[in-house]
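Structure first, then comments.
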Amino acid sequence: MKRRGVVAVVVLLVALLLTPAAPAAAGPYCGIRWGSLAKGTTAGSMTGDVGNVRTGRHTCYDRLVVDVVGPFAGYTVSYVDTVTGVDGRAVAVRGGARLQIDARAWTQTDAAWVPYFVSGFGGTVEDLRDVSRYRTFRQVAWAGTADGLSRIGLGVRARLPFRAFLLQGPGEGSSRLVVDVAHRW
């Protein structure tokens with residue numbers, strides 16, 4: 001009787017050792033471990049001027065860049081139910097989820113600069129860039145500027161991981177805010 005018990009245990013152990021291991025859980029998409037919680041920083045008290053907003057498509061994410069001539073005073077980027085303009089009004093932004101980007105930088109509104117960056121100030125919300133062929137971005141909308149704060153609404157396909165960070169340059173004294181949104185989790 002004892003012998004049968006020992007044999008059963010040995011057979012069970014051999015079966016466990018010979019059974020192929022389950023594949024490891026898949027790693028994060030493209031190594032991305034960003035998350036979807038709010039991100040931001042206060043970089044200083046001096047502020048530069050927003051000089052351009054540009055976008056780009058990458059293998060694993062879509063990118064938005066806010067170029068600032070001069071120092072960046074900080075930023076906040078977070079998912080919101082409704083993007084709110086600096087005047088307090090709701091800004092309609094296409095997409096399954098919306099990121100509100102607050103760049104602590106002035107925005108020039110002189111006639112020579114406005115057509116280059118965005119047409120139509122004075123309360124109208126315009127698309128800043130054409131993102132119709134992007135995997136994640138659905139709309140980049142201007143939400144206004146006031147008191148050293150420039151706001152952008154970024155419509156995305158869904159609430160996806162994102163990162164935000166500041167870089168120096170290009171050029172001396174310039175800086176830029178980079179917001180990357182992953183194509184998937």
Please report the interatomic distance [atom1]([X]) to [atom2]([Y]), rounded to the nearest 0.5 Å.
| X | Y | atom1 | atom2 | answer |
| --- | --- | --- | --- | --- |
| Leu154 | Gln100 | CG | CD | 11.0 Å |
| Arg63 | Arg57 | CZ | CZ | 14.5 Å |
| Ser132 | Phe137 | OG | CZ | 13.0 Å |
| Thr76 | Lys39 | OG1 | NZ | 12.0 Å |

- Query: Shared ILVMFWY cluster between Val86 and Val93, side chains joined below 4.5 angstrom?
  - Reply: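 No, Val86 does not connect to Val93 through the hydrophobic network.
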
- Query: Using a distance-only test with no angle check, is there a side-chain donor-acceptor pair under 3.5 angstrom linking Arg104 and Ser150?
  - Reply: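 No - no donor-acceptor pair under 3.5 Å links their side chains.
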
- Item | Short side-chain donor-acceptor distance under 3.5 Å, Thr55 and Arg129 |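 Arg129 vs Thr55: no donor-acceptor pair found between side chains.
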
Please check this pair: side chain of [X] against backbone of [Y], looking for a donor-acceptor N/O pair closer than 3.5 Å.
| X | Y | answer |
| --- | --- | --- |
| Arg151 | Trp142 | no |
| Thr84 | Gly88 | no |
| Arg98 | Asp81 | yes |
| Ser175 | Asp67 | no |

- Query: Would you call the rings of Phe72 and Tyr75 parallel, tilted or perpendicular, where under 30° means parallel and over 60° means perpendicular?
  - Reply: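 Phe72 vs Tyr75 ring planes: perpendicular.
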
- Measure across Ala143 and Val83 and return the closest heavy-atom pair with its distance rounded to 0.1 Å.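 Scanning both residues, the minimum pair turns out to be CB-CG1, 4.2 Å.
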
- Task: Looking only at non-hydrogen atoms, find the nearest pair between Thr82 and Ala90 and report the distance.
- Result: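 Reported closest heavy-atom pair: CG2-CB, 3.6 Å.
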
- Query: Quick one: do Arg94 and Asp127 make a salt bridge, cutoff under 4.0 Å?
  - Reply: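 Counted as a salt bridge, because a side-chain N and a carboxylate O are separated by less than 4.0 Å.
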
- With Asp62, the side-chain hydrogen bond (donor to acceptor under 3.5 Å, both in side chains) member among Arg157, His183, Arg138: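 Among Arg157, His183, Arg138, the one that satisfies the side-chain hydrogen bond (donor to acceptor under 3.5 Å, both in side chains) with Asp62 is His183.
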
- Query: Partners of Tyr61 by ring pair (Phe, Tyr, Trp, His ring centres under 6.0 Å), sequence neighbours excluded?
  - Reply: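 With sequence neighbours excluded, Tyr61 shows a ring pair (Phe, Tyr, Trp, His ring centres under 6.0 Å) to Trp34, His58, given in chain and number order.
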
- Does the side chain of Ile101 come within less than 4.5 Å of Leu177's, by heavy atoms?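 Yes, their side chains come closer than 4.5 Å.
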
- Message: With heavy-atom distances below 4.5 Å as the criterion, would you say the side chains of Leu99 and Val181 are in contact?
- Response: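 They are in contact (side-chain heavy atoms under 4.5 Å apart), so the answer is yes.
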
